[in-house]
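Have a look at the structure below before the remarks.
Chain identifiers are assigned alphabetically (A, B, ...) following the order of the sequence lines, protein sequences preceding nucleic acid strands; residue numbering begins at 1 within each chain.
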2 protein chains.
Amino acid sequence: MGLRTESPARGRQRLNRGSEQVRGRLIEAALSEFAAHGFDGASTRAIARRAEAHQPQINYHFESKDELWRACLEQLMGELDAVIGEHTAGLDQTDDRALFAAVVRSLVVFAARRPELNRIMMHEGTAPGPRLDWLVANHLKRRHRDLALRWKRLTRSGDAAALSADILFHVLIGAASLLYANAPEARLLGVDPDDPAVVDAHAEALVSMLLVSR
Amino acid sequence: MGLRTESPARGRQRLNRGSEQVRGRLIEAALSEFAAHGFDGASTRAIARRAEAHQPQINYHFESKDELWRACLEQLMGELDAVIGEHTAGLDQTDDRALFAAVVRSLVVFAARRPELNRIMMHEGTAPGPRLDWLVANHLKRRHRDLALRWKRLTRSGDAAALSADILFHVLIGAASLLYANAPEARLLGVDPDDPAVVDAHAEALVSMLLVSR
DNA sequence: GTCTATAATTAGATAGAC
DNA sequence: GTCTATCTAATTATAGAC
């Protein structure tokens, strides 16, 4: 197996771009790959290629593929909270009805803009495992409980459709996000999940079906 | 590498169970594994182990892992049609409202009883590829078109909620199936997707939200 | 038709030069 | 901090005995 003595600097050019930039590029590439192909289907080589980095850099900047996955979810959950924050800012924080409508619109808008979060959650929710345990404990438990409490108040005030608070979480997220999580499928069916008019009508339809007119 | 001359009949006992039975066991095991872990995450060894068969038997009874996957989807789609058939049998076949309600109930009941179909579709819908192309061409296109036509008639007759026929497919399937497709997640959140009372209330809630009272 | 053994490829992670 | 080379383990598929 002949040594390559010919040139001292072979292969890809050395690129020192700073830890933070490479870390960010790896997270962005990884969440795309995890969303498209699931944790097992996403290879660290494909992630590195998409980030224009080398595969061992993943283990340098992150401890493991698992830790990279968790970093992706922290990123996406932070973005979701930012979108909800934008939609609920300036509202009367005691107006449960207006706040709920804003959350529904946030979920639809976010699912359309950033389908990766819902894709990853759909991949992970199909089987028990340590990643699902981590997701529920660190992100979903609180959101599920808060949404159920909000829905119970709306039910008592006569604003809510006839739907149990326990299952509202999955009914709402399913209705709000499948079109975008499965956008490749929707496109083949002739639907355009990237059309802002579609997204807007979708959000308003959900609000009007969930909140009964007074 | 020492030859094992010791015993002529080593390893697992030879089991000849007939082609049809082994084929069926492999399909049942495979759809569980594909549903739980996605196509890439499901290994043919795990499928064979679950079916109490040997890994090369997959390539004997099916041409490849891909063809086994397609056999799983034919099986599941057939079961879905059977459930829809049961729910719509005996109804006035010109009563669009009653037929639509029966289809909604079928989708919820089937998703709860057989979450594998929705799990596999959620895994496959997140990225373009030959399996998604096959699914859309052979199963989804027709269902999507028929449901949209039915919804347009209900919209004209004033029975339908304010929701575009284009996106009804994904809104309905998302609202009806995420609770069951992501049942492992729901269970960790304290919801019981296996409770028949939950399933029944879920179906009736969707019917009442989608069909406006006359 | 069932089974063992294995070929060919690819996976995540690591060692060590630079 | 980046990169090449490589280790170990796992993957799908196949060859051939039975």
Side-chain angles (χ1 to χ4, degrees), chain A residues 1-27 29-30 33-34 36-72 129-131, chain B residues 1-27 29-30 33-34 37-72 130-131:
Chain A
M1 185 262 275
L3 296 169
R4 292 211 253 94
T5 44
E6 21 198 355
S7 166
R10 265 313 195 80
R12 181 180 295 164
Q13 182 184 352
R14 286 186 100 80
L15 297 170
N16 283 42
R17 281 173 293 209
S19 238
E20 279 317 302
Q21 196 193 333
V22 173
R23 217 186 123 90
R25 294 174 65 90
L26 284 172
I27 287 174
E33 293 288 323
F34 288 141
H37 306 113
F39 183 84
D40 293 311
S43 80
T44 55
R45 281 177 167 79
I47 292 166
R49 194 183 319 125
R50 188 189 277 257
E52 293 177 285
H54 290 265
Q55 183 252 346
Q57 285 181 277
I58 288 175
N59 290 83
Y60 176 80
H61 289 279
F62 303 88
E63 187 186 276
S64 64
K65 187 182 177 183
D66 274 274
E67 208 209 278
L68 172 60
W69 181 90
R70 282 192 290 273
C72 290
R131 290 190 302 278
Chain B
M1 187 263 276
L3 297 168
R4 292 212 253 93
T5 44
E6 22 199 354
S7 164
R10 266 315 195 80
R12 180 180 294 164
Q13 182 184 353
R14 287 185 97 82
L15 298 170
N16 282 42
R17 281 173 293 209
S19 239
E20 279 317 302
Q21 196 193 334
V22 173
R23 217 186 122 90
R25 294 174 63 91
L26 284 171
I27 288 174
E33 293 288 323
F34 288 141
H37 306 112
F39 184 84
D40 292 310
S43 80
T44 55
R45 278 179 167 76
I47 292 167
R49 193 182 321 124
R50 187 189 278 256
E52 293 178 283
H54 288 265
Q55 183 252 345
Q57 285 180 276
I58 288 175
N59 289 82
Y60 177 79
H61 289 279
F62 302 88
E63 188 186 275
S64 64
K65 186 182 177 183
D66 272 276
E67 208 209 277
L68 172 60
W69 180 90
R70 282 193 289 274
C72 289
R131 289 190 303 277

Does the side chain of His54(B) get closer than 4.0 angstrom to OP1 or OP2 of dT4(C) through an N or O atom?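 So the side-chain polar atoms of His54(B) do come within 4.0 Å of the phosphate oxygens OP1 or OP2 of dT4(C), strictly under.
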On the nucleotide dG1(D), are OP1 or OP2 found under 4.0 Å from the side-chain N or O atoms that Gln57(A) carries?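 Indeed not, no polar side-chain atom of Gln57(A) lies that close.
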Go through Phe62(A) and Arg23(A) one step at a time and tell me if the side-chain contact (heavy atoms from CB on, under 4.5 Å) criterion holds. CA-CA 8 Å; Phe62(A) 303 88; Arg23(A) 217 186 123 90; 3.5 Å; yes
Please round to the nearest 0.5 Å and tell me the distance separating atom OG1 of Thr44(B) and atom CG of Asn59(B).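 Taking OG1 in Thr44(B) and CG in Asn59(B), the distance rounds to 7.0 Å.
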Between Ile27(B) and Cys72(B), which heavy-atom pair has the shortest distance, and what is it?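 For Ile27(B) and Cys72(B), the tightest heavy-atom pair comes out as O-SG, 3.6 Å.
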What is the distance, rounded to the nearest whole Å, between atom [atom1] of [X] and atom [atom2] of [N]?
{"X": "Arg25(A)", "N": "dG1(D)", "atom1": "CZ", "atom2": "P", "result": "16 Å"}
{"X": "Phe62(B)", "N": "dG1(C)", "atom1": "CZ", "atom2": "C1'", "result": "14 Å"}
{"X": "Ile58(B)", "N": "dC3(C)", "atom1": "CD1", "atom2": "P", "result": "13 Å"}
{"X": "Leu26(B)", "N": "dG1(C)", "atom1": "CG", "atom2": "C1'", "result": "12 Å"}
{"X": "Glu20(B)", "N": "dT2(C)", "atom1": "CD", "atom2": "C1'", "result": "17 Å"}

When you get a sec, tell me which of dT14(D), dT2(C), dC3(D) is the closest nucleotide to the side chain of Pro56(A)?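 Given the options dT14(D), dT2(C), dC3(D), the side chain of Pro56(A) is closest to dC3(D).
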Without swapping roles, check the side chain of Lys65(A) against the backbone of Ile58(A) for a donor-acceptor pair under 3.5 Å.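 No, because the side chain of Lys65(A) does not come within donor-acceptor range (under 3.5 Å) of the backbone of Ile58(A).
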Spell out, as yes or no, whether a donor-acceptor pair under 3.5 Å connects the side chain of Gln57(B) to the backbone of His54(B).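 Answer holds: yes.
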Protein N or O to nucleotides 10-12 of chain C N or O, pairs below 3.5 Å:
| residue | atom | partner | partner atom | Å |
| --- | --- | --- | --- | --- |
| dG12(C) | OP1 | Ala42(A) | O | 3.3 |
| dG12(C) | OP1 | Thr44(A) | N | 3.2 |
| dG12(C) | OP1 | Lys65(A) | NZ | 2.8 |
| dG12(C) | OP2 | Thr44(A) | N | 2.8 |
| dG12(C) | OP2 | Thr44(A) | OG1 | 2.7 |
| dG12(C) | N7 | Arg45(A) | NH1 | 3.0 |
| dG12(C) | O6 | Arg45(A) | NH2 | 3.4 |

For the residue pair Phe39(B) and Trp69(B), categorise the inter-ring angle as parallel (less than 30°), tilted (30 to 60°) or perpendicular (more than 60°).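 Plane angle over 60°, so perpendicular.
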